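In this chain, residues are counted from 1 in sequence order. Just so it is clear, the model here is predicted, and its values are computed rather than measured.
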Amino acid sequence: MKKGKKSKYFDWYFINDDGTYEMFGQSKNMPKLNTTNIEVKRYLLNIAKYWIEEFDIDGWRLDVANEIDHKFWREFRETVKSVKEDAIIIGEVWDGAESYLRGDQYDSSMNYPFMHAALEVFARGTMNLKELDSYMQNLYARYRRDIRYNLLNLIDSHDTARFLYECKNDKEKLKLAVFYMFTTIGIPMIFYGDEAGLSGATDPYCRITMEFENIDKELFNFYKNLIRVRKELESLKVGEYKNVYADEDVYAFSRFVDDEEVLCIFSTSNKEKDIEIGLKGEYMDILNDRLVSINNKLNLAPYEKMVLKLR
């Protein structure tokens, strides 16, 4: 402001003739940086290297990443991978992130389309499970196979209301969404406190402080059990995905690798339901460590969730 065009930082920003400047999110305290400026680029890329070289961080989560040009992110990736090849780069993109996930920019993106579907199905009941299957098949068809498995699935974040709040604090609906997030394709992301029963509306209420002496232990153990199951079963981490059964309120899908296959089943119905699934024999319910006998028909309790090991 003092030196005007004589300032060495003048070209770091987008300053108009009348003294106004381009902003991020219409916020005056966040003037938009010019990432086509070589000095700006060098400054930012040095930051990307600094935190890895000095503190060995595991990667970068890039806020509102679609506000920056593709060329910059390509150079950002080259810089990050040159100092730590397995550092992960995750971009926050609320809509489709296909153009960023071609192997030359991000490794993954926050899968907000997944969150929108989870809200419609499990919290609001405005999408049934047949529609969910169609929606998810379409979503994953947009990405290469390797990218599908990297997508960071979430049901809420620091920018949204808590999922439990969206469920009107119905814990069973939250557990259904979490079950699906942990068993389908992608990386499950837990927003701190969801596992302890935190609830709240949008910012700032979604960012409330953890109360470690007041944790919902039953919900916490449910999360721990799902984490254990996912770690134990290779098919849930990297397995193929196949729809086995879908109606309005029951969904079953298979995840499988060469020597292992599991069947994941859940019901959004609040009533007991019988379905015919075409399997015979006894299978171990990995989630609850019980034997389940299936003779074509399967009886499901309200809001039932199970992972059956087939082989």
Side-chain angles (χ1 to χ4, degrees), residues 111 113-142 145 148-149 151 153 155 167 170 172-186 188 222 225-226 229-230 232-311:
N111 195 1
F114 179 93
M115 184 196 78
H116 297 319
L119 285 168
E120 296 300 318
V121 174
F122 302 108
R124 299 168 186 154
T126 52
M127 181 190 292
N128 66 43
L129 294 180
K130 258 190 170 179
E131 292 168 333
L132 172 68
D133 178 61
S134 177
Y135 176 94
M136 295 306 296
Q137 299 285 5
N138 179 269
L139 175 63
Y140 290 129
R142 297 186 205 169
R145 182 182 181 278
R148 289 176 217 157
Y149 289 82
L151 289 172
N153 294 336
I155 58 173
C167 294
D170 187 329
E172 291 306 315
K173 292 181 177 179
L174 168 66
K175 290 199 290 190
L176 281 168
V178 174
F179 175 84
Y180 183 57
M181 181 175 70
F182 267 85
T183 53
T184 192
I185 293 173
F222 176 77
N225 207 8
L226 275 175
V229 168
R230 187 177 170 92
E232 287 177 1
L233 298 172
E234 194 70 12
S235 51
L236 288 184
K237 290 181 279 189
V238 297
E240 298 283 354
Y241 182 101
K242 181 176 67 177
N243 174 351
V244 174
Y245 179 94
D247 63 22
E248 290 192 351
D249 48 23
V250 175
Y251 190 31
F253 55 93
S254 168
R255 300 291 310 277
F256 56 94
V257 291
D258 289 342
D259 58 351
E260 178 186 276
E261 182 175 9
V262 296
L263 187 66
C264 307
I265 307 169
F266 64 90
S267 169
T268 56
S269 174
N270 59 3
K271 297 176 182 176
E272 187 176 296
K273 186 164 182 177
D274 290 326
I275 64 166
E276 192 164 324
I277 207 157
L279 295 172
K280 291 183 179 180
E282 289 189 337
Y283 305 99
M284 175 63 76
D285 181 349
I286 303 297
L287 192 63
N288 298 301
D289 296 319
R290 59 179 176 169
L291 274 177
V292 177
S293 181
I294 300 176
N295 187 15
N296 279 329
K297 288 189 176 180
L298 183 66
N299 177 259
L300 298 173
Y303 305 124
E304 180 79 87
K305 300 167 285 293
M306 59 175 70
V307 179
L308 301 180
K309 191 164 185 181
L310 306 184
R311 58 183 172 88

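Between Lys309 atom NZ and Leu287 atom CG the span is 14.5 Å, to the nearest 0.5 Å. Going from atom CD1 of Ile265 over to atom CZ of Phe179 covers 8.0 Å, rounded to the nearest 0.5 Å. Between atom OH of residue Tyr149 and atom CD1 of residue Ile185 there is a gap of 4.0 Å, rounded to the nearest 0.5 Å. Separating the CD atom in Gln137 from the CZ atom in Arg142 is a distance of 13.0 Å, to the nearest 0.5 Å. To the nearest 0.5 Å, atoms CZ (Arg148) and OG1 (Thr184) are separated by 11.0 Å.
Looking only at atom types and distance, the side chain of Asp133 has a donor-acceptor partner in the side chain of Tyr251 under 3.5 Å away. Under the 3.5 Å distance criterion, with hydrogens and angles disregarded, no donor-acceptor pair is assigned to the side chains of Glu261 and Ser235. Side chains of Thr126 and Glu120: a donor-acceptor N/O pair is present below 3.5 angstrom, by distance only.
Annotation: side chain of Ser267 is not in contact with side chain of Ile275 (no heavy-atom distance under 4.5 Å). Counting heavy atoms from C-beta on, the side chains of Leu132 and Asn128 never come closer than 4.5 Å. Side chains of Asp247 and Leu129 form no contact here, defined as non-hydrogen atoms less than 4.5 Å apart. Residues Leu263 and Val307 have side chains not in contact (no heavy-atom distance under 4.5 Å, counting atoms from C-beta outward). Between Leu308 and Val292, some side-chain heavy-atom pair lies under the 4.5 Å cut-off. For the pair Val229/Leu236, a side-chain contact is recorded, criterion being any heavy-atom separation below 4.5 Å from C-beta on. The closest side-chain heavy-atom distance from Pro188 to Arg230 is below 4.5 Å. Side-chain contact between Tyr180 and Ile155 is absent, with no heavy atoms from C-beta onward closer than 4.5 Å.
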side-chain contact (heavy atoms from CB on, under 4.5 Å) evaluation trace for Leu300 with Met306: CA-CA 10 Å; Leu300 298 173; Met306 59 175 70; 4.2 Å; yes

Leu151 and Phe114: CA distance, side-chain angles, deciding distance, side-chain contact (heavy atoms from CB on, under 4.5 Å) verdict: CA-CA 10 Å; Leu151 289 172; Phe114 179 93; over 6 Å; no

Given Ile286 and Leu233, is the side-chain contact (heavy atoms from CB on, under 4.5 Å) satisfied, shown in steps? CA-CA 9 Å; Ile286 303 297; Leu233 298 172; 4.3 Å; yes

Verify side-chain contact (heavy atoms from CB on, under 4.5 Å) between Leu310 and Val262, making sure each step is shown before the conclusion. CA-CA 5 Å; Leu310 306 184; Val262 296; over 6 Å; no

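The minimum heavy-atom distance between Arg311 and Asp258, with the atom names listed, is NH1-O, 2.8 Å. Across every non-hydrogen atom of Leu176 and Tyr303, the tightest pair is CD1-CD2, 3.6 Å. Contact detail for His116 and Tyr135: the closest heavy-atom pair is CB-OH, 4.5 Å. Nearest heavy atoms, Cys264 versus Thr183: SG-CB, 3.8 Å. In terms of heavy atoms, Arg255 sits closest to Tyr241 at CD-CD1, 3.6 Å.
The cationic atom of Lys242 (NZ for Lys, CZ for Arg) lies less than 6.0 Å from the six-membered ring centre of Phe256 and within 45° of the ring axis.
Between the side chain of Asn299 and the main chain of Glu272, no donor-acceptor pair closer than 3.5 Å is present. Glu260 contributes a side-chain N or O that, together with a main-chain N or O of Glu234, makes up a donor-acceptor pair within less than 3.5 Å.
In this structure, Asp274 does not pair ionically with Lys297, as no charged nitrogen and carboxylate oxygen lie closer than 4.0 Å. Between Glu240 and Arg145 there is a salt bridge, with a side-chain nitrogen of the basic residue lying less than 4.0 Å from a carboxylate oxygen of the acidic one. Look at Glu172 and Lys305 and you find a salt bridge, because one of the NZ, NE, NH1 or NH2 atoms lies within 4.0 Å of a carboxylate O, short of that distance.
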